[in-house]
Amino acid sequence: MTNDKRRVAIIGGGISGLTAAYYLQEQAKSAQLPTEIVLIEASHRFGGKIQTIVEDGYQIEKGPDSFTDHKGTVATLAKKLKVEKQLVRSKEERKFVAVNEELHAVPKGVQFGIPTEMTPFLTSDLVSWSGKARATFDFLRPQGKMTEDQSLGQWVRQRLGGEVLENLTEPLLSGIYNGDIDELSLQAVLPFLSTHSKTSSGLIQSMKSYTRSSDYLTDAEQSFSFVGGLETFVDALVHELTEVKLKKSVRVTNIQKSNHQLLLSLNNQSSIKADAVIIATSHTIAQSLFHEKQLLQELDGIPLNTVATVSLAFDETQIAHHFTGTDFVVSRNNDLSITAATFMNRKWQGTAPDGKVLIKAYIGRVGDEAIVELSDKGIEKVVLQDLHRLVGITGAPEKVIVTRYKNAMPQYTIGHLERVRKSKESLYEAYPTIRLIGNTYDGISIPKCVRQAIESAEQIMQELKDLPSFVIE
Ligand SMILES: Cc1cc2nc3c(=O)[nH]c(=O)nc-3n(C[C@H](O)[C@H](O)[C@H](O)COP(=O)(O)OP(=O)(O)OC[C@H]3O[C@@H](n4cnc5c(N)ncnc54)[C@H](O)[C@@H]3O)c2cc1C
């Protein structure tokens with residue numbers, strides 16, 4: 001007996017896996033291709049790193065709290081899910097950098113840690129006059145070819161000098177990419193630069209050219225979230241997966257070929273046969289699923305960093321200094337453990353009761369991951385000391401939530417794009433109906449995960465259309 005029905009298994013129910021399931025469901029319907037979609041999630045809940053907690057009048061994001069919606073990727077999906085009205089922009093954003101234990105405003109026009117507007121940069125107190133003078137050499141020196149990947153830190157140091165790198169670029173980019181800036185890949189972190197460097201002289205002009213191009217939207221600078229937090233987005237996705245079989249608390253342990261299909265072994269001793277698989281887990285889990293270890297060996301070169309978020313609630317009267325910002329990042333030249341902090345209630349409506357302050361701090365710099373191993377009380381103490389020194393907070397917090405993310409932040413080190421290309425190439429050659437998605441590969445933000453999920457769904461649908469009918473067992 002034969003059947004034309006295809007089965008696609010998605011491994012991982014974070015934002016990548018859920019989005020892939022949604023687009024597969026949509027495309028199978030429009031192509032009228034009978035398709036069974038199964039999503040398998042190891043934990044008891046969907047959302048992966050996205051987790052919003054609402055309690056005692058606070059709305060706390062344990063993991064990610066917002067996103068810059070490059071090219072409106074999330075907005076388009078939000079519209080399909082009928083939650084576009086819940087998509088909200090931050091109330092205000094004023095970013096600061098802590099240098100030598102003092103907070104300095106990030107000058108207007110800074111993009112990805114690179115100044116693009118000279119007047120605000122030259123009048124800022126973040127960089128000394130000699131540092132500013134050094135940065136202007138960028139206009140005079142030829143840029144050279146950017147064909148090969150290189151260290152992002154060294155490139156910026158060469159173009160703009162060490163002070164701009166240490167006080168501006170490093171704290172702002174390491175906050176997002178969570179790596180040692182000297183190890184980070186220029187091509188993976190700022191992929192657009194090589195195109196814009198062809199027509200511009202210097203790094204500042206190249207970045208400016210990018211911000212004026214159609215690839216860049218002004219919205220890209222502004223943060224978005226959802227009313228009720230990022231879990232609103234997750235819940236909306238799950239709600240719309242009406243044609244998808246959702247399995248929770250089951251882990252995929254192995255994938256192997258079985259006749260013309262793929263056999264997925266699960267940790268509950270059962271198995272699932274599928275025609276195609278989208279793996280939406282971390283790359284280390286993806287590697288562990290195959291007996292053929294050489295297939296994804298290249299991914300060994302992608303280090304994972306460990307961080308923790310610490311949400312603390314205070315009464316407004318506990319904040320002594322007149323810090324007016326919404327966010328600050330901490331340059332590595334400070335004797336501080338926190339790497340960044342956001343005054344959540346200043347940025348997002350409804351995240352704290354009136355008269356209260358909700359701060360979300362980050363710890364876990366590359367080389368200082370051991371701090372994440374401290375007890376919750378130990379972490380709270382360190383974070384409170386730092387907040388006291390930087391923004392004058394006194395007394396104990398009314399609420400503290402510590403969340404550890406172990407080996408959760410992939411670092412895009414030099415050679416990243418090539419590493420990912422080779423891994424996908426070898427896997428897809430051996431398994432043409434498997435795709436890898438998630439923040440290890442082509443972008444670490446939520447919109448970039450959504451984009452990868454959409455592309456993988458399109459590719460898998462194409463592969464399915466070309467498959468022969470299979471025998472029902
Ligand atoms: C602390 C922190 C803050 C961040 N802040 C931001 C931010 O503000 N903005 C932003 O855009 N991005 C941010 N990010 C990045 C963003 O959270 C991630 O890129 C995104 O959530 C990754 O989604 P994902 O679905 O690819 O992976 P995950 O969310 O990790 O989901 C993977 C899922 O796979 C499941 N799984 C694992 N193994 C198996 C298995 N064997 N079988 C079945 N299921 C399995 C896991 O349980 C998990 O649910 C942050 C990340 C962290 C850690």
Side-chain angles (χ1 to χ4, degrees), residues 9-21 38-52 60-70 73-74 90 175-178 220 223-226 229-231 233-234 237-238 246-255 264-268 272 277-290 304-311 327 339-340 342 344 347-348 360-364 372 401-412 436-453 456:
I10 298 165
I11 309 176
I15 200 66
S16 302
L18 293 171
T19 305
V38 186
L39 186 146
I40 307 151
E41 164 54 45
S43 78
H44 65 284
R45 55 174 289 278
F46 295 113
K49 294 187 181 76
I50 298 174
Q51 196 173 3
T52 314
I60 292 168
E61 296 283 10
K62 295 182 108 187
D65 51 62
S66 57
F67 52 89
T68 48
D69 199 14
H70 190 62
T73 312
V74 174
S90 53
I176 305 168
Y177 286 89
N178 221 277
S223 304
F224 289 85
S225 181
F226 285 87
L230 289 178
E231 260 198 39
F233 187 37
V234 171
L237 267 167
V238 175
L246 296 170
K247 288 178 181 284
K248 278 194 278 191
S249 307
V250 193
R251 193 159 45 84
V252 178
T253 54
N254 181 259
I255 303 175
L264 279 66
S265 307
L266 309 180
N267 68 332
N268 61 6
I272 293 180
V277 175
I278 295 178
I279 307 176
T281 65
S282 71
H283 67 278
T284 47
I285 300 282
Q287 285 176 307
S288 73
L289 297 177
F290 297 93
L304 285 164
N305 196 24
T306 291
V307 297
T309 63
V310 189
S311 296
D327 305 78
T339 56
T342 300
M344 294 296 287
K347 261 177 109 166
W348 306 105
K360 181 177 173 194
Y362 287 77
I363 54 165
V372 177
I401 294 182
V402 177
T403 314
R404 293 170 185 77
Y405 289 89
K406 293 199 178 171
N407 300 323
M409 306 283 265
Q411 289 171 44
Y412 287 17
L436 289 175
I437 58 171
N439 70 355
T440 286
Y441 310 104
D442 299 315
I444 59 173
S445 68
I446 291 168
K448 293 278 168 70
C449 289
V450 169
R451 168 70 25 218
Q452 292 175 60
S456 72

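Each ligand, and each atom within it, is numbered from 1 in the order the structure gives.
- Shortest contact from atom 18 (C) of ligand 1 to any protein heavy atom: N439 ND2, 3.5 Å.
- Protein heavy atom in closest approach to atom 31 (O) of ligand 1: G14 CA, 3.5 Å.
- At a heavy-atom cutoff of 4.0 Å, ligand 1 is contacted by the side chain of I285 but not by its backbone.
- With a heavy-atom cut-off of 4.0 Å, A280 touches ligand 1 through its backbone alone.
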Note to self: Is there a side-chain contact (heavy atoms from CB on, under 4.5 Å) between L39 and F46? Walk through the geometry before answering.
What the structure shows: CA-CA 10 Å; L39 186 146; F46 295 113; 3.6 Å; yes

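- Ring planes of F224 and F67: parallel class, angle under 30° (limits at 30 and 60°).
- Among all protein heavy atoms, the one lying closest to atom 17 (O) of ligand 1 is P64 CG, 3.2 Å.
- Remark: S288 OG to H283 NE2 distance equals 11.0 Å, nearest 0.5 Å.
- The part of M409 lying near ligand 1 is the side chain, judged by heavy-atom distances below 4.0 Å.
- Taking distance alone, with nitrogen or oxygen atoms compared against 3.5 Å, F67 stays at or beyond that limit from ligand 1.
- One option in N254, L18, I176, T281 has a heavy atom closer to atom 37 (C) of ligand 1 than any other, and that option is T281.
- Looking at A408, S66, G47, S223, it is S66 that brings a heavy atom closest to atom 9 (N) of ligand 1.
- Between G63 and ligand 1, not a single N/O pair is under 3.5 Å apart.
- Under 4.0 angstrom from ligand 1, the non-hydrogen atoms of A42 come from both its backbone and its side chain.
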